[in-house]
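Below you'll find the structure, written out as structure tokens, and then a few comments.
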Amino acid sequence: QVQLVESGGGLAQAGASLRLSCAVSGRTSRGYIMGWFRQAPGNLERKFVAGISWSGSRTFYGDSVKGRFTISRDNDKNTTYLQMNNLIPEDTAIYYCAADTSASTIILLSPDVYDYWGLGTQVTVSS
């Protein structure tokens, strides 16, 4: 069993930065692709934000966050991060981290392939 806990969310003004963390416990996150997703207010869909391979050598980003967000991980700490810069009101959402434990080496965008999820952390960006 794998448990994921997000932290670091909050209220920020447009243009500010926040860093989200995702701590993994239980089975370690070694070998797992980790992803960040977000669910905007009034929207049932969880949209892909960023993903990272186990080694950290490969990352992939959703179009709306490219150049502003950076995903990283520290496997010794079993923690994945999402650095969010130049925030805009459209970034307001609940942010979830997720683990793909299928041993895949491909970062996939569909939330359906991620089998463990955190409870989410709220990010609100004011204009």
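In what follows, residues are counted from 1 in the order of the sequence shown.
Scanning both residues, Tyr32 and Ala99, for their nearest heavy atoms gives CD1-CB, 4.2 Å. The minimum heavy-atom distance linking Arg68 with Asp91 is given by the pair NH1-OD2, 2.7 Å. Minimum heavy-atom separation, Pro89 to Ser127: CG-CB, 3.8 Å.
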### Query
Could you walk me through whether Trp54 and Ile33 pass the side chain to side chain contact (heavy atoms under 4.5 Å, CB included) check?
CA-CA 5 Å; Trp54 166 63; Ile33 286 173; over 6 Å; no
Verdict with reasoning, Leu4 to Glu6, per side chain to side chain contact (heavy atoms under 4.5 Å, CB included):
CA-CA 7 Å; Leu4 286 70; Glu6 303 94 340; 5.5 Å; no
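Side-chain contact check for Ser102 and Ser104: no donor-acceptor pair (N or O, by modelled atom type) lies under 3.5 Å. If you check the side chains of Ser64 and Arg38, you find a donor sitting under 3.5 Å from an acceptor.
Under the 4.5 Å side-chain heavy-atom criterion for grouping Ile, Leu, Val, Met, Phe, Trp and Tyr, Val2 is connected to Trp36 within one hydrophobic cluster. At a threshold of 4.5 Å between side-chain heavy atoms, the hydrophobic network of Ile, Leu, Val, Met, Phe, Trp and Tyr places Ile94 and Phe48 in one connected group. Side-chain heavy atoms closer than 4.5 Å link hydrophobic residues (I, L, V, M, F, W, Y) into clusters, and following such links, possibly through other members, connects Phe60 to Ile106.
Not one N or O on the side chain of Thr80 forms a donor-acceptor pair closer than 3.5 Å with the backbone of Met34. At least one donor-acceptor pair under 3.5 Å links the side chain of Thr79 to the backbone N or O of Lys77. In this structure, the side chain of Ser53 engages the main chain of Arg58 through a donor-acceptor pair within 3.5 Å. The backbone N or O of Gly9 lies less than 3.5 Å from a partner atom in the side chain of Thr121, making a donor-acceptor pair. Under a 3.5 Å cut-off, the side chain of Tyr61 and the backbone N or O of Ile71 do form a donor-acceptor pair.
Geometric assessment of Arg19 against the ring of Tyr81 yields a positive cation-pi assignment under the 6.0 Å and 45° thresholds. Note that Arg46 lies in the cation-pi zone of Tyr96, set by a 6.0 Å cut-off to the ring centre and a 45° limit from the axis.
Two residues are said to be in side-chain contact when any heavy atoms from C-beta on lie closer than 4.5 Å; Leu11 and Gln122 fail this criterion. With a 4.5 Å cut-off on side-chain heavy atoms, Gln3 and Tyr116 do not count as touching. Counting only heavy atoms from C-beta outward, the side chains of Asp112 and Ser110 approach each other to under 4.5 Å. Side-chain contact between Gln83 and Ser72 is absent, with no heavy-atom pair separated by less than 4.5 Å.
A side chain to side chain contact (heavy atoms under 4.5 Å, CB included) with Phe69 holds for exactly one of Asn86, Thr59, Asn85, Leu87; it is Leu87. Each of Leu18, Leu20, Val123 was compared with Leu82 under the side chain to side chain contact (heavy atoms under 4.5 Å, CB included) criterion, and only Leu20 meets it.
More than 12 heavy atoms of other residues, nucleotides or ligands shown are found within 6.0 angstrom of CD1 on Ile88.
Ring centroids of Phe37 and Tyr114 are separated by less than 6.0 Å, placing the two rings close together.
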